[in-house]
There are 2 protein chains.
Amino acid sequence: MKISTKGRYGLRALIDLSMNGKSGSPVFLSDIAKRQGISDKYLEQIATQLQRAGLVKTIRGRKGGYLLNKPDNEIKLSEIIKVLEGPICLVDCVAEPDACSKSSLCSSRDIWTIVSNKIEEVLSSYTLADLSKLQEEKSGAGSLMYHI
Amino acid sequence: MKISTKGRYGLRALIDLSMNGKSGSPVFLSDIAKRQGISDKYLEQIATQLQRAGLVKTIRGRKGGYLLNKPDNEIKLSEIIKVLEGPICLVDCVAEPDACSKSSLCSSRDIWTIVSNKIEEVLSSYTLADLSKLQEEKSGAGSLMYHI
DNA sequence: AGTTTTTCTACTAAAATAGTAGGATATAAA
DNA sequence: TTTATATCCTACTATTTTAGTAGAAAAACT
């Protein structure tokens, strides 16, 4: 029951993009990778998934880079996780009842459904803007510490 | 973000044990395995974990078998999952903040913490008795269908 | 003594994870 | 028009995790 690096790195990259892309000019993936301490090439694959899903848009060539494809307050965390980790369900039979012939008679499937739905509910209640803002506050607080 | 077969099989085995162990006499693991369609040998490993964690007790030798170590309404699903899947946390840094030097300044970690806590909360709100009862109702309803 | 059960240790095939590597393509600037 | 710099695309690979198998030892009932 773990989130893979794709989900974790992808979310951090999007938070980074949200914070560093407010000017409207595209952000280099290599800069995000450097700031977040993630391999350029690996982040590239993750970014490609986000682009194909329509969460980010890209500008190719020199002076190119990445931009959010819609305002950060319109991007739910559940969307991001679905793109990078697949359907939000703890067992396959929740999303695909036909995966098991006993789905309709299985009480354990019921609890996995309840938990999966709750996870999606929580992730749907936050947007990228929420995390971006929280991150700014945390970073700001961190810097303030050094100025006292 | 999936539950492994250990967690899934283990939960189903415990539901089975709860339903079939009410007489007080031990239940053969081979019978549970047969009813649940799980490999004997693999279920054995799972059962050993449950035994070591104190969720079930065993009687060795002929006429031996498995029994719940406490009433099923005192066994929370969160306990079971922790034994079989490890700590309920979506990323390691939630349970072990030192896993990452930036834990205290990471907004994405905050959301993973919130979701992880919610999963644990939901799983703590149900007991093995709840699932066992639900399973009996489902099975009963299933049989009734054929009698109409 | 013999049968049946749990217990213990080791091994293994397959899949998923977490990357690397290298070139092709597009665009801006010199 | 050349060059530098960015994304795009495909393929490969090492490591770890998952999902089992295999076989013998120990305990307990008959």
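So that the names make sense, note that chain A is the first sequence line, chain B the second, and so on, each numbered from 1.
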Exercise for the section: Flag the pair K133(B) and E136(B) as a salt bridge only when some basic side-chain nitrogen lies within less than 4.0 angstrom of an acidic carboxylate oxygen. Expected result: no
Problem - Distance below 4.0 Å between Q51(A) side-chain N/O and dC8(D) OP1 or OP2 - result: yes
Exercise for the section: Compare the minimum distances between each of dT4(C), dA6(D), dG23(D) and the side chain of K41(B), then state the nucleotide with the smallest one. Expected result: dG23(D)
Problem - Under-4.0 Å side-chain N/O to phosphate OP1/OP2 contact, R52(A) with dC9(D) - result: yes
Problem - Side-chain ion pair, E79(B) and K82(B), N-O less than 4.0 Å - result: no
Problem - Any N/O donor-acceptor pair, R60(B) side-chain to dT5(C) base, under 3.5 Å - result: no
Problem - Presence of S4(A) side-chain N/O under 4.0 Å of dA16(C) phosphate oxygens OP1/OP2 - result: no
Exercise for the section: Could you state the atom-to-atom distance from CZ of R8(B) to P of dT18(D) in whole Å? Expected result: 12 Å
Practice task
Group every Ile, Leu, Val, Met, Phe, Trp and Tyr by side-chain heavy-atom contacts under 4.5 Å, then state whether M1(A) and I46(B) land in the same group.
Solution key: yes
Exercise for the section: State whether Q45(B) places a side-chain N or O below 4.0 Å from either non-bridging phosphate oxygen (OP1 or OP2) of dG20(D). Expected result: no
Practice task
Using the closest heavy atom to pick a nucleotide of DNA chain C for each, name whichever of K6(A) or K63(A) lands nearer the 5' end.
Solution key: K6(A)
Problem - N or O in side chain of Y66(B) less than 4.0 angstrom from dT7(C) OP1/OP2 - result: yes
Handout entry: For atom CD1 of I3(A) and atom P of dA16(C), their distance in whole Å
Key = 17 Å
Handout entry: Contact under 4.0 Å: S39(A) side-chain N or O vs dA18(C) OP1/OP2
Key = no
Completion exercise
Between CG of L67(B) and C1' of dT5(C) the distance, given in whole Å, is 13 Å
Handout entry: Nearest-Å distance for atom pair CD/C1', residues E85(A) and dT17(C)
Key = 11 Å
Exercise for the section: State whether the number of non-hydrogen atoms from other residues, nucleotides or ligands found under 6.0 Å of Y42(A) atom OH is greater than 12. Expected result: yes
Fill in the blank from the handout: Of L29(A) and M1(A), the one whose closest nucleotide on DNA chain D sits nearer the 5' end is L29(A)
Practice task
Answer yes or no: are there more than 12 heavy-atom neighbours, outside K70(A) itself, under 6.0 Å from its atom NZ?
Solution key: yes
Fill in the blank from the handout: Here the distance between atom C1' of dA18(C) and atom CG of D40(A), to the nearest Å, is 15 Å
Exercise for the section: Record whether the side chain of E44(A) comes under 3.5 Å of the base of dC8(D) through a donor-acceptor pair of N or O atoms. Expected result: yes
Practice task
Check whether any side-chain N or O of T5(A) sits under 4.0 Å from OP1 or OP2 of dA18(C), and answer yes or no.
Solution key: yes
Completion exercise
Here the distance between atom C1' of dA19(D) and atom CD of Q36(B), to the nearest Å, is 18 Å
Practice task
Considering just the side-chain nitrogens and oxygens of T48(A), establish if one lies under 4.0 Å of OP1 or OP2 belonging to dC9(D).
Solution key: no
Exercise for the section: Rounded off to whole Å, could you give me the CD-to-C1' distance for the Q49(B) and dT7(C) pair? Expected result: 14 Å
Exercise for the section: Would you please confirm or rule out a distance under 4.0 Å between OP1 or OP2 of dT17(C) and any side-chain N or O of Y42(A)? Expected result: no
